[in-house]
Amino acid sequence: MTQLQATPLRTLALSRRRGAGAAARPMAGSVRCSAAARSYSITLLPGDGIGPEVVAVAKDVLSAAGSKEGVELRFKEMLMGGAALDAAGVPLPDETLAAARASDAILLGAIGGYKWDNNEKHLKPETGLLNIRAGLGVFANLRPATVLPQLVDASTLKKEVAEGVDIMVVRELTGGIYFGKPRGFGTNDKGEETGFNTEIYSVAEIDRIARVAFEVARKRGGKLCSVDKANVLEASMLWRKRVTAIASEFPDVELSHMYVDNAAMQLVRNPKQFDTIVTNNIFGDILSDEASMITGSIGMLPSASVGESGPGLFEPIHGSAPDIAGQDKANPLATILSAAMLLKYGLGVESAAKRIEAAVTETLDNGFRTGDIYSPGTTLVGCKRMGEEVLKALESQK
């Protein structure tokens, strides 16, 4: 599975390798337990819809991969999203955020559902997701979109367009229009109700995400495309100005700029032109989902949200899919691969992460498919069976 290279980003709380033959060791501040103890605490946030199903599968895979490498993983399950609303009246209980902050990494399933769609904003499951990102200080979201050879025919694009696509979207996660103020509802001079939000970025916010993106690009193909709307939006004008300034620190990385509407078009026209993309919160939300469909299914893609200190948040990029919840139809591979990113970049246990990635590849090679990636000639399985096949491949490894 192509994600990031082994060497971590200096600007993030990711794992750092000591040297040839040495065991991976977390950076100071990223993981608070002793690496020598090889014991880590993981907060599980199953959430809503298919979240509990895919997290249950990923938990078993995490435990098996850790055991293979002599790593003990201790799990604590907490409420978040609609499940927390039903049980505690809020989408992110204080005890959930406290447990997440005290752990070494967090694995999230999915949140939301039709049941809570008409709630007031502060009582929507999605508000819990925004609050935990802000509460953990995870400002950088890394979303790989890689077309695997086994699934190239599942892409909605022509094979010659999709084959070989390997993109990393670096999305700013804790600023922009989702968090900007002022925001709310009002009345215009005609007496009509209005809704308003503020797209705002500071120099510090842009500079830190830009440095992350340049580091990612440096470890990949050496090309970074910054996506904005600088022909219209002042926030984007500042974004382009600062990203261009930070580029001087990375002379080995080729920087280009693209307006977001053109980027959306180019992603389906010629996605292989992109290596690493950096963009703001709202554009990243949209473009990373678009990029995911090039791979054949949003159910295949993991993500990592990390900050300068503290634990990272790892989650599949798909939603809660309430229409198939409880039916054993969900694809757990995005969550399993998020677990691999958790091991590699959250805990520094790269060897265990590689075991998971290899097991997923073997499972796909063996022809097992959930409904979202099924094609004639392959074996249709449900969420649990897919997890069992990944475990079987994992346990057969030396």
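For the single chain, residues carry numbers from 1 onward in sequence order.
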What pairs with [X] under side-chain hydrogen bond (donor to acceptor under 3.5 Å, both in side chains), at least two apart in sequence or on another chain?
X: E362; result: none
X: D60; result: none
X: S338; result: none
X: E192; result: N188

List the steps and the verdict of side-chain hydrogen bond (donor to acceptor under 3.5 Å, both in side chains) for R143 and S288. CA-CA 7 Å; R143 291 191 173 191; S288 60; 2.7 Å; yes

**Request:** Apply the test side chain to side chain contact (heavy atoms under 4.5 Å, CB included) to residues T361 and Q150: give CA-CA distance (whole Å), side-chain angles for both, the deciding distance (0.1 Å), then the verdict.
**Result:** CA-CA 8 Å; T361 296; Q150 304 94 329; 3.4 Å; yes

Interatomic spacing from [atom1] in [X] to [atom2] in [Y] - rounded to 0.5 Å:
X: N331; Y: M386; atom1: CG; atom2: CE; value: 5.5 Å
X: L342; Y: L107; atom1: CG; atom2: CG; value: 6.0 Å
X: I324; Y: I50; atom1: CD1; atom2: CD1; value: 5.0 Å
X: D275; Y: K223; atom1: CG; atom2: NZ; value: 7.0 Å
X: Y374; Y: L380; atom1: OH; atom2: CG; value: 6.5 Å
X: D285; Y: E172; atom1: CG; atom2: CD; value: 12.0 Å

Please examine the side chains of [Y] and [X], heavy atoms only from C-beta on, and report whether any two atoms are closer than 4.5 Å.
X: E163; Y: V147; answer: no
X: V71; Y: L347; answer: no
X: L157; Y: P271; answer: yes
X: L151; Y: M300; answer: yes
X: D323; Y: Y114; answer: yes
X: R101; Y: L136; answer: yes
X: S305; Y: I106; answer: no
X: L45; Y: M78; answer: yes

Quick check: closest heavy atoms across [X] and [Y], and the distance to 0.1 Å?
X: A339; Y: L62; value: CB-CG, 3.6 Å
X: P93; Y: L79; value: CD-O, 3.7 Å
X: L301; Y: S297; value: CG-O, 4.3 Å
X: M258; Y: A263; value: SD-CA, 3.4 Å
X: R171; Y: N281; value: NH2-OD1, 2.8 Å
X: T43; Y: A99; value: OG1-O, 3.2 Å

Report task. Would you please test T335 and V61 for side chain to side chain contact (heavy atoms under 4.5 Å, CB included) and show each step? Result -> CA-CA 10 Å; T335 313; V61 173; over 6 Å; no

If we ignore hydrogens and angles and just use 3.5 Å, is the side chain of [X] paired with the main-chain N or O of [Y] as donor and acceptor?
X: T276; Y: M168; answer: no
X: K68; Y: Q397; answer: yes
X: S292; Y: D289; answer: yes

Note: [X]-[Y] ion pair, threshold 4.0 Å (strictly below):
X: K354; Y: E350; answer: yes
X: K344; Y: E357; answer: yes
X: E388; Y: K392; answer: no
X: R385; Y: D328; answer: no
X: R133; Y: E315; answer: yes
X: K115; Y: D48; answer: no

Q.
For F214, give me all partners under ring pair (Phe, Tyr, Trp, His ring centres under 6.0 Å), at least two apart in sequence or on another chain.
A.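 F214: ring pair (Phe, Tyr, Trp, His ring centres under 6.0 Å) contacts with F250.
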
- Does E53 have any salt bridge (charged side-chain N to carboxylate O under 4.0 Å, His left out) partners at least two apart in sequence or in another chain, and if so, which?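 Residues passing salt bridge (charged side-chain N to carboxylate O under 4.0 Å, His left out) with E53: none at all.
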
Apart from F185 itself, what residues make up its hydrophobic cluster when side-chain heavy atoms of I, L, V, M, F, W and Y under 4.5 Å apart count as a link, directly or indirectly?
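So far as hydrophobic clustering goes, F185 is joined with none.
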
Apart from I200 itself, its cluster of hydrophobic side chains linked below 4.5 Å comprises none

Under 3.5 Å, sequence neighbours excluded: what are the donor-acceptor pairs made by side chains of residues 232-240?
| from | atom 1 | to | atom 2 | distance (Å) |
| --- | --- | --- | --- | --- |
| S236 | OG | K229 | N | 3.0 |
| W239 | NE1 | S226 | OG | 3.0 |
| R240 | NE | D228 | OD2 | 2.9 |
| R240 | NH2 | D228 | OD1 | 3.0 |

Of S41, S39, S103, the one forming a side-chain hydrogen bond (donor to acceptor under 3.5 Å, both in side chains) with R74 is S39

- Please, which pairs that meet salt bridge (charged side-chain N to carboxylate O under 4.0 Å, His left out) have at least one residue in residues 290-299, sequence neighbours excluded?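 As it turns out, there is no salt bridge (charged side-chain N to carboxylate O under 4.0 Å, His left out) pair with a partner in residues 290-299 once direct neighbours are skipped.
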
For residues 294-307, which residue pairs pass the salt bridge (charged side-chain N to carboxylate O under 4.0 Å, His left out) check, not counting sequence neighbours?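 Every candidate salt bridge (charged side-chain N to carboxylate O under 4.0 Å, His left out) pair involving residues 294-307 fails, so no pair, neighbours aside, qualifies.
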
Residues 119-127, side-chain donor-acceptor partners within the protein, below 3.5 Å, at least two apart:
| from | atom 1 | to | atom 2 | distance (Å) |
| --- | --- | --- | --- | --- |
| N119 | ND2 | L123 | O | 2.8 |
| K124 | NZ | D117 | O | 2.3 |
| K124 | NZ | N119 | O | 3.4 |
| T127 | OG1 | K121 | O | 2.5 |

For the hydrophobic clusters of this structure (ILVMFWY residues joined by side-chain heavy atoms under 4.5 Å, transitively), does one cluster hold both F283 and L255?
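F283 and L255: separate clusters.
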
| field | Full working for side chain to side chain contact (heavy atoms under 4.5 Å, CB included) between N197 and R183 | value | CA-CA 4 Å; N197 296 87; R183 62 188 300 155; 3.4 Å; yes

Which of R218, R242, R211 passes salt bridge (Lys or Arg N to Asp or Glu O under 4.0 Å) with E249? It is R211

task = Take L343 and R355, measure what side chain to side chain contact (heavy atoms under 4.5 Å, CB included) needs, and give me the verdict at the end.
result = CA-CA 10 Å; L343 287 167; R355 287 185 178 276; over 6 Å; no

Yes or no on side-chain hydrogen bond (donor to acceptor under 3.5 Å, both in side chains) for T244 and H257, after CA distance, side-chain angles and deciding distance? CA-CA 9 Å; T244 301; H257 301 275; 3.2 Å; yes

